[in-house]
Number of protein chains: 2
Amino acid sequence: MKLSAKTRYGVRAVFDIAFQTQNCPGVAVPAKEIAEREKVPLRYLEQIFQDLRRAGLVESKRGPRGGYFLKRPADKTTLADLVVALEGVSAGLFASDARSDDAELGKPASAEVTCALWEELDGVVQQWFQQVTMDDLVKRGNALGLGRDDTLNMYFI
Amino acid sequence: MKLSAKTRYGVRAVFDIAFQTQNCPGVAVPAKEIAEREKVPLRYLEQIFQDLRRAGLVESKRGPRGGYFLKRPADKTTLADLVVALEGVSAGLFASDARSDDAELGKPASAEVTCALWEELDGVVQQWFQQVTMDDLVKRGNALGLGRDDTLNMYFI
DNA sequence: CAGGTACCCTACCTACCCGATAGGAAACGC
DNA sequence: GCGTTTCCTATCGGGTAGGTAGGGTACCTG
């Protein structure tokens with residue numbers, strides 16, 4: 001009953017990109033910088049970004065001046081997208097295991113009731129995930145007065 | 001991002017008692033019967049019931065004719081009670097881990113935003129858990145026409 | 001009071017998976 | 001071509017979920 005560190009790292013990482021590049025969308029942010037700011041092991045963060053890239057949420061640019069940037073605008077990427085990409089579950093965060101209980105020969109008497117229950121919970125949670133966009137988080141960051149790294153904005157002077 | 005089998009088993013077990021004794025509340029249901037109906041390993045189910053008993057959700061009676069029965073009426077026991085008792089988390093199902101990220105020296109830049117996020121999610125989920133009672137589940141079971149075991153009602157003829 | 005029933009307590013074990021580290025290859029920019 | 005940065009794969013240690021086991025204790029019945 002908890003989110004994996006992978007997902008939490010991933011949310012922080014994507015938020016970091018969205019926040020840092022809110023004035024210059026599409027600019028690549030190197031993983032190294034993100035790792036330092038967000039206190040995520042670099043080599044582990046790289047793996048996370050691979051998952052995000054394969055899921056079509058970020059794109060990458062190699063070599064100097066390379067890094068990662070959002071494929072879609074920040075208000076089109078939801079927490080649900082991240083969770084699905086990183087938690088490794090397509091649909092049914094809670095219900096999935098309950099299903100396997102039935103699959104085994106001889107389903108429990110109360111399966112009809114409890115399975116429906118977990119699916120409802122899934123619905124509630126997924127709906128909540130879907131209505132939180134990265135842009136929402138950026139706005140929150142601004143409201144809290146979080147600091148941006150200047151190096152990115154340099155090129156806009 | 002999933003409930004443990006322990007919690008799922010526990011929900012089924014408590015539902016089983018509530019459902020079987022809906023016409024004769026307070027009658028003890030032996031673990032052995034529950035284990036068979038709900039397809040839960042008996043020795044494991046016993047452990048689960050110990051947690052539930054210590055949490056004050058069920059009471060037990062030893063010896064022949066013994067078993068477990070609900071301490072409170074079914075409409076006063078919520079899913080939240082069960083989850084707290086079995087998942088081993090007092091408060092903060094999601095937020096707990098995010099906290100420890102901060103605790104480590106050098107908190108990530110986005111901690112202010114993301115921690116608040118997980119706490120909100122906690123709130124949503126916990127609220128949902130709190131508004132589902134065992135009695136609700138019993139009603140669902142009846143609506144679905146689930147079968148009760150006759151042996152308990154025998155004594156009411 | 002004897003013996004079976006059923007709960008109770010503690011220890012232990014094992015397979016899985018999360019989180020992380022590592023090595024090296026491929027692309028890119030200057 | 002040389003440094004930078006992403007990309008791919010393998011590996012690995014530790015924690016824990018899930019279940020087994022053994023023995024004890026209360027209770028009822030005959």
Side-chain angles (χ1 to χ4, degrees), chain A residues 1-13 17 27-36 38-55 57-69 71 83 86-89 94 96-98 100-101 104 151 155, chain B residues 1-13 17 27-36 38-55 57-69 71 83 86-89 96-98 100-101 104 151-152 155:
Chain A
M1 191 60 196
K2 54 170 202 172
L3 290 91
S4 62
K6 190 173 191 176
T7 298
R8 282 181 285 121
Y9 288 163
V11 171
R12 292 222 301 270
I17 297 178
V27 170
V29 183
K32 194 178 177 185
E33 286 183 17
I34 298 172
E36 285 172 1
E38 302 300 337
K39 302 288 181 298
V40 178
L42 176 59
R43 296 308 288 274
Y44 192 39
L45 183 61
E46 290 180 2
Q47 293 182 56
I48 293 172
F49 271 122
Q50 295 317 309
D51 290 339
L52 294 175
R53 189 177 55 82
R54 294 188 193 106
L57 298 177
V58 303
E59 265 185 298
S60 58
K61 207 169 102 182
R62 297 209 250 197
R65 296 279 189 165
Y68 297 92
F69 54 97
K71 190 165 185 180
V83 171
L86 296 174
E87 207 74 8
V89 179
F94 297 99
S96 55
D97 292 327
S100 61
D101 286 358
E104 297 162 23
T151 56
Y155 311 101
Chain B
M1 192 58 194
K2 53 169 201 168
L3 290 92
S4 62
K6 189 174 192 177
T7 298
R8 282 180 286 122
Y9 288 164
V11 170
R12 292 222 301 270
I17 297 178
V27 170
V29 182
K32 193 178 177 186
E33 285 183 16
I34 299 173
E36 286 172 0
E38 303 300 338
K39 302 288 181 299
V40 179
L42 176 59
R43 297 306 286 274
Y44 192 38
L45 184 60
E46 289 181 1
Q47 293 182 57
I48 293 173
F49 271 122
Q50 294 317 308
D51 290 339
L52 294 175
R53 190 177 54 83
R54 293 190 193 104
L57 298 177
V58 303
E59 265 185 298
S60 58
K61 206 169 103 181
R62 295 211 249 196
R65 296 283 192 151
Y68 298 93
F69 54 97
K71 190 164 185 180
V83 171
L86 296 175
E87 208 74 7
V89 179
S96 55
D97 291 327
S100 62
D101 286 356
E104 297 163 24
T151 56
L152 281 175
Y155 311 101

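Letters go in sequence order (proteins before strands), and every chain restarts at 1.
Side-chain nitrogen and oxygen atoms of A/Y9 include at least one within less than 4.0 Å of the OP1 or OP2 phosphate oxygen of C/dA20.
The shortest distance between side-chain heavy atoms of B/E38 and B/L45 does not fall below 4.5 Å. Counting heavy atoms from C-beta outward, A/R53 and A/V58 have side chains that approach closer than 4.5 Å.
Rounded to whole Å, the distance from CG on A/L45 to P on C/dG19 is 14 Å. The distance between atom OH of B/Y44 and atom C1' of C/dT14, rounded to the nearest whole Å, is 14 Å. Counting to the nearest Å, the P atom of D/dA17 and the NZ atom of B/K2 are 9 Å from each other.
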Q. Checking side-chain contact (heavy atoms from CB on, under 4.5 Å) for the pair B/R12/B/V40: CA distance, chi angles, key distance, verdict?
A. CA-CA 9 Å; B/R12 292 222 301 270; B/V40 179; 4.0 Å; yes
Q.
Determine whether B/Q50 and B/Q47 satisfy the following criterion, side-chain contact (heavy atoms from CB on, under 4.5 Å), listing intermediate values before the conclusion.
A. CA-CA 5 Å; B/Q50 294 317 308; B/Q47 293 182 57; 5.5 Å; no
(Q) Go through it in stages, so that I can follow the logic: the residues are A/I17 and A/Y68, the test is side-chain contact (heavy atoms from CB on, under 4.5 Å), and I'd like the CA-CA distance, side-chain angles, deciding distance and then a yes or no. (A) CA-CA 8 Å; A/I17 297 178; A/Y68 297 92; 3.9 Å; yes
(Q) I need a per-nucleotide contact map over nucleotides 4-9 of chain D, read 5' to 3'. Cutoff is protein heavy atoms under 4.0 Å; write B for the base, S for backbone only, - otherwise. (A) BBBBS-
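Note: A/F49 CZ to A/L86 CG = 10.0 Å, rounded to the nearest 0.5 Å.
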